[in-house]
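Quick notes on the structure that follows.
Numbers here simply count residues along the sequence, with the first being 1.
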Amino acid sequence: QVQLVESGGGSVQPGGSLRLSCEASGYTSSDYCMGWYRQAPGKEREEVATIDSGGSAVKYIDSVKGRFTISQDTDKNTLYLQMNNLKPEDTAMYYCAAGGLRQWIISAYYCLGGYKYWGQGTQVTVSS
């Protein structure tokens, strides 16, 4: 049984930093995509950042580019999201996702969604 456990959320002031972690267990695929999603109150869930098992298919939404960094430690089966220069609009519940579709298209790998497994979420609040 696949389990994803997020940690690292909290409350910070604007401009602060947080590092989210997602520890995966029971997940044995070597060809995969993982990602971070977030959902703010009254808004739809949005994809924040994704990464594939090879580490080449990295993608961010425009609003976090240059501030957030997704990474993974395959030995520890852990996904990370380093969040710097946090803004109030980053306030949301952040979810880890795994089991996404990894697809080779023309000359590169892409993560195409379809995540099968989700964590319970960790709250991030950015406020002065």
Side-chain angles (χ1 to χ4, degrees):
Q1 184 177 359
V2 176
Q3 280 193 318
L4 303 176
V5 180
E6 302 102 331
S7 61
S11 295
V12 296
Q13 293 186 339
S17 297
L18 286 173
R19 188 193 196 203
L20 304 184
S21 298
C22 171
E23 186 172 352
S25 60
Y27 192 61
T28 60
S29 175
S30 61
D31 183 15
Y32 61 83
C33 284
M34 294 186 73
W36 290 98
Y37 284 70
R38 67 186 181 187
Q39 187 167 21
K43 294 188 177 181
E44 293 188 355
R45 185 176 62 190
E46 64 176 351
E47 181 181 276
V48 177
T50 58
I51 188 169
D52 73 325
S53 48
S56 63
V58 176
K59 185 175 68 174
Y60 301 94
I61 56 171
D62 287 344
S63 61
V64 308
K65 285 180 181 178
R67 300 189 297 121
F68 290 12
T69 302
I70 189 170
S71 62
Q72 59 189 343
D73 185 330
T74 54
D75 290 337
K76 295 181 179 179
N77 291 327
T78 301
L79 181 72
Y80 302 100
L81 185 67
Q82 177 67 44
M83 305 185 295
N84 298 328
N85 191 21
L86 282 160
K87 302 178 180 181
E89 52 263 41
D90 295 318
T91 295
M93 184 71 79
Y94 283 71
Y95 298 92
C96 173
L101 177 63
R102 181 184 189 227
Q103 187 76 43
W104 178 263
I105 301 175
I106 302 178
S107 61
Y109 277 108
Y110 294 86
C111 289
L112 301 181
Y115 293 92
K116 300 177 183 178
Y117 311 107
W118 295 85
Q120 293 299 307
T122 185
Q123 178 67 38
V124 171
T125 302
V126 185
S127 174
S128 56

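For the residue pair N84 and S17, the shortest heavy atom distance occurs at OD1-OG, 3.0 Å. Nearest heavy-atom pair across P14 and S128 is CD-N, 3.7 Å. Considering every non-hydrogen atom in both G35 and L79, the closest pair reads O-CD2, 3.8 Å. Contact detail for T91 and V126: the closest heavy-atom pair is OG1-N, 2.9 Å. Smallest separation of non-hydrogen atoms from A40 and A92: N-CB, 3.8 Å.
For Y115, the ring pair (Phe, Tyr, Trp, His ring centres under 6.0 Å) partners at least two apart in sequence or on another chain are Y37.
At a threshold of 4.5 Å between side-chain heavy atoms, the hydrophobic network of Ile, Leu, Val, Met, Phe, Trp and Tyr places I106 and V58 in two separate groups. Hydrophobic clustering keeps M93 apart from L86 (ILVMFWY residues linked when any side-chain heavy atoms are closer than 4.5 Å, directly or through intermediates). Residues L81 and V5 do not share a hydrophobic cluster, defined by chaining ILVMFWY side chains whose heavy atoms lie under 4.5 Å apart. When the side chains of ILVMFWY residues are joined at heavy-atom separations under 4.5 Å, either directly or via intervening members, W104 and L112 end up in two distinct hydrophobic clusters.
One finds the CZ atom of R45 at 3.5 Å from the CH2 atom of W118 (value rounded to the nearest 0.5 Å). Atoms CD and OH, on E23 and Y80 in that order, are 8.5 Å from each other to the nearest 0.5 Å. Remark: Y109 OH to S53 OG distance equals 7.5 Å, nearest 0.5 Å. If you take CG on L4 and OH on Y95, they are separated by 13.0 Å, rounding to the nearest 0.5 Å. The CD1 atom of I51 sits 7.0 Å away from the OH atom of Y60 when rounded to the nearest 0.5 Å. With rounding to the nearest 0.5 angstrom, the CD atom of Q82 is 9.0 Å from the CG atom of L20.
Side chain of E6 to backbone of T122: no donor-acceptor contact under 3.5 angstrom is found. A distance-only check finds a donor-acceptor pair linking the side chain of D52 to the backbone of A57 [under 3.5 Å]. Using modelled atom types, one side-chain atom of T78 and one backbone atom of K76 make a donor-acceptor pair closer than 3.5 Å.
By the neighbour-count criterion of 12 heavy atoms within 6.0 Å, atom CD of Q72 is densely surrounded, having more than that number from other residues, nucleotides or ligands. Within 6.0 Å of CD on Q120 lie no more than 12 heavy atoms contributed by other residues, nucleotides or ligands.
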Requested in this report: May I have the step-by-step check of side chain to side chain contact (heavy atoms under 4.5 Å, CB included) for R38 and I61, ending in yes or no?
Outcome: CA-CA 11 Å; R38 67 186 181 187; I61 56 171; 3.8 Å; yes
Query raised in the report: Run the side chain to side chain contact (heavy atoms under 4.5 Å, CB included) check on W36 and C22 step by step: do they pass?
Result: CA-CA 9 Å; W36 290 98; C22 171; 3.7 Å; yes
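Side chain to side chain, Y32 and R102 fail the donor-acceptor criterion of an N or O pair below 3.5 Å.
The existence of a salt bridge linking K87 and D90 is excluded, since no basic side-chain nitrogen approaches an acidic carboxylate oxygen closer than 4.0 Å.
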